[in-house]
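Have a look at the structure below before the remarks.
All values below were derived from every heavy atom in this structure, side-chain atoms included, with hydrogens, water molecules and symmetry-related copies excluded. Positions are given from 1 along the sequence.
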Amino acid sequence: MRIVVMGTGPFALPTCRRLLQDGHDVPLVVTRPVADPSSKKQPLRPVFEWARAAGIEIFEPPSINAPEVIAQLSAIGADLFFVCDYGQILSNAALGAARLGGINLHGSLLPRHRGAAPVQWALLRGDLEAGVTVIHMTPRLDSGPALAMSKTQILPDETAEGLEPRLAELGVEACVKALDMLQHWDGVSPLGELQDSNLVTKAPRFAKSDGQLDFRKSATQLECQVRACQPWPGTFAELVWSSGKQMRLLIRSARGINSAVEPLTAAPVGKVASIGGGELDADQAGAHVWTPPWDHVLAVACGQGSLLISRVQPAGKREMSVDEFLRGHPIPESAQFTLASSGK
């Protein structure tokens, strides 16, 4: 098939490579342009780099739906658009510039988690499984009929940073299946499975403020937030000493447990203490989260249960274990995290 690729981020790359491997003709890659070409710090554009290395023509239109852009796309004579992690919604006119329209590889089990951050929201909501869906595109966001779907279990300590590349690889065979369906489609018969609009949930892009921890939530919810926000925006909280010293800590690894741990059984929300590994039983310690040997965690009293923090990054410094942090910053009995609310 003659396929125009539309993508920007890394989620599209495994399928892009497979398209060439399977002998499809990819005459053009459309990618999102750089917002400020004069800036010294440019965003990563993995699809742009892949296309350049593969010698494929690159097109960077500010609007994919501009009439002159649609005319250029129509002139290519593509059978199909493959759209993934692109950043713009295609109009009916744009989709009509390819004989079979477009397919989109989305990082969720649609109609759950429609939007720009499906992987992060699957973790934030505590889903037990994640997956990918390939849809035949419509102009409404992530709403087309599903052509193929693949599922996987979310690992107990998995972060968005680890889950997203797994799902990108999972999407390859789903896209191959969808392409096969389209190659044998008569263009008239119903294609794919319609999404149930009653099951739709939204997955908007995270903001930096969404990383702020609110310890009035349950420890389980906060663990989900920590995992969902890695590597960006990262989760953080303000630690305050009785002396008035205050420090912002990025929370890099944490485990929520349903019960409070000593000495936090009757402590106020946000109270923090250093807890030695020998003071936690096997169920609380969560061996799958921290690789032995580990000596200490910071235990924080939450609205329900306790959050056990094992790795932190003080503002402006490198990431470190709690053991290393405590050597430079002992935790007195009066230490407390502030209760500023999180956005999600």
Does the side-chain hydrogen bond (donor to acceptor under 3.5 Å, both in side chains) test come out yes or no for T220 and E223, once each step is laid out? CA-CA 5 Å; T220 300; E223 178 192 340; 5.7 Å; no
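- Hydrophobic clustering places L13 together with I56 (ILVMFWY residues linked when any side-chain heavy atoms are closer than 4.5 Å, directly or through intermediates).
- When all heavy atoms of W241 and M247 are compared, the closest pair comes out as CZ3-CB, 3.9 Å.
- Of the possible polar contacts, one joining the Q225 side chain to the D210 backbone as a donor-acceptor pair under 3.5 Å is found.
- Atom NE2 of H113 sits about 12.0 Å away from atom CG of D142, to the nearest 0.5 Å.
- Side-chain contact between I135 and H106 is absent, with no heavy atoms from C-beta onward closer than 4.5 Å.
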For side chain to side chain contact (heavy atoms under 4.5 Å, CB included), just list the numbers for V47 and T8, CA-CA rounded to whole Å, side-chain angles, deciding distance to a tenth of an Å, and then say yes or no. CA-CA 5 Å; V47 171; T8 303; 5.5 Å; no
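- Enclosure of atom CD in E333 is not indicated, since only 12 or fewer non-hydrogen atoms of other residues, nucleotides or ligands lie within 6.0 angstrom.
- Applying the side-chain hydrogen bond (donor to acceptor under 3.5 Å, both in side chains) test to every pair with at least one member in residues 11-21, sequence neighbours left out, gives these pairs: R18-D22, R18-E173.
- Side-chain contact between V4 and V30 is present, with at least one heavy-atom pair separated by less than 4.5 Å.
- Put simply, the side chain of L100 reaches to within 4.5 Å of the side chain of W185, judged on heavy atoms.
- Both L19 and L147 are assigned to one and the same hydrophobic cluster, defined by single-linkage of ILVMFWY side chains at heavy-atom distances under 4.5 Å.
- No more than 12 heavy atoms of other residues, nucleotides or ligands lie within 6.0 Å of CG in L128, so this atom counts as exposed by the packing criterion.
- Placement of F59 and V29 in two distinct hydrophobic clusters is found when ILVMFWY residues are connected by side-chain heavy-atom separations under 4.5 Å, directly or transitively.
- In this structure E319 satisfies the side chain to side chain donor-acceptor pair (under 3.5 Å) test together with R311, sequence neighbours excluded.
- Contact annotation: the side chain of L28 approaches that of L73 to within less than 4.5 Å [non-hydrogen atoms, C-beta and beyond].
- With sequence neighbours left out, the side chain to side chain donor-acceptor pair (under 3.5 Å) criterion links E324 to R318.
- For S242 (side chain) and S334 (main-chain N/O), no donor-acceptor pair under 3.5 Å exists by modelled atom type.
- Residues F11 and V132 have side chains in contact (heavy-atom distance under 4.5 Å, counting atoms from C-beta outward).
- For the residue pair P27 and D25, the shortest heavy atom distance occurs at CD-O, 3.3 Å.
- Ion pairing between R125 and D127 fails under the 4.0 Å rule for side-chain N and carboxylate O.
- The structure places OG of S253 at 13.0 Å from CD of Q313, a figure rounded to the nearest 0.5 Å.
- Between V134 and K177 the shortest side-chain heavy-atom distance does not fall below 4.5 Å.
- No more than 12 heavy atoms of other residues, nucleotides or ligands lie within 6.0 Å of CD in E193, so this atom counts as exposed by the packing criterion.
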Test log, rule side chain to side chain contact (heavy atoms under 4.5 Å, CB included), inputs L222 and I251: CA-CA 10 Å; L222 294 177; I251 312 303; over 6 Å; no
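- Between A237 and F215 the shortest heavy-atom distance is CB-CE1, 3.7 Å.
- By the 4.5 Å heavy-atom criterion applied to side chains, R252 and M320 are not counted as neighbours.
- Nearest approach of A228 to A160, heavy atoms of both residues: O-CB, 3.5 Å.
- To the nearest 0.5 angstrom, N92 atom CG is 10.5 Å from M137 atom CE.
- Salt bridge present: R99 and D79 bring a charged side-chain N and a carboxylate O closer than 4.0 Å.
- Here the straight-line distance linking atom CD1 of I309 with atom OG of S321 works out to 13.0 Å at 0.5 Å rounding.
- Under a hydrophobic clustering in which Ile, Leu, Val, Met, Phe, Trp and Tyr are joined whenever their side-chain heavy atoms come within less than 4.5 Å, directly or via other members, F82 and I89 fall into different clusters.
- Listed here is the closest heavy atom pair of L199 and P111: CB-CG, 3.7 Å.
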Stepwise, does the side-chain hydrogen bond (donor to acceptor under 3.5 Å, both in side chains) test hold for T152 with R166? CA-CA 9 Å; T152 184; R166 282 213 301 126; 2.9 Å; yes
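- Side-chain contact check for L239 versus I331: some heavy-atom pair is nearer than 4.5 Å.
- Among all heavy-atom pairs drawn from I103 and L182, the shortest one is CG2-CD1, 3.4 Å.
- The hydrophobic clustering, which links ILVMFWY residues whose side-chain heavy atoms are closer than 4.5 Å, places V226 and L298 together.
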Begin from the C-alpha positions of H136 and M181 and carry the test side chain to side chain contact (heavy atoms under 4.5 Å, CB included) through to its verdict. CA-CA 11 Å; H136 202 197; M181 291 174 65; over 6 Å; no
Assess whether side chain to side chain contact (heavy atoms under 4.5 Å, CB included) is satisfied between W232 and K208, documenting all intermediate values. CA-CA 8 Å; W232 194 92; K208 191 169 183 61; 4.2 Å; yes
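- In this structure, the separation between OG1 on T159 and CD on Q120 is 10.0 Å, given to the nearest 0.5 Å.
- With rounding to the nearest 0.5 Å, the separation of CD1 in I64 from CZ in R32 is 12.5 Å.
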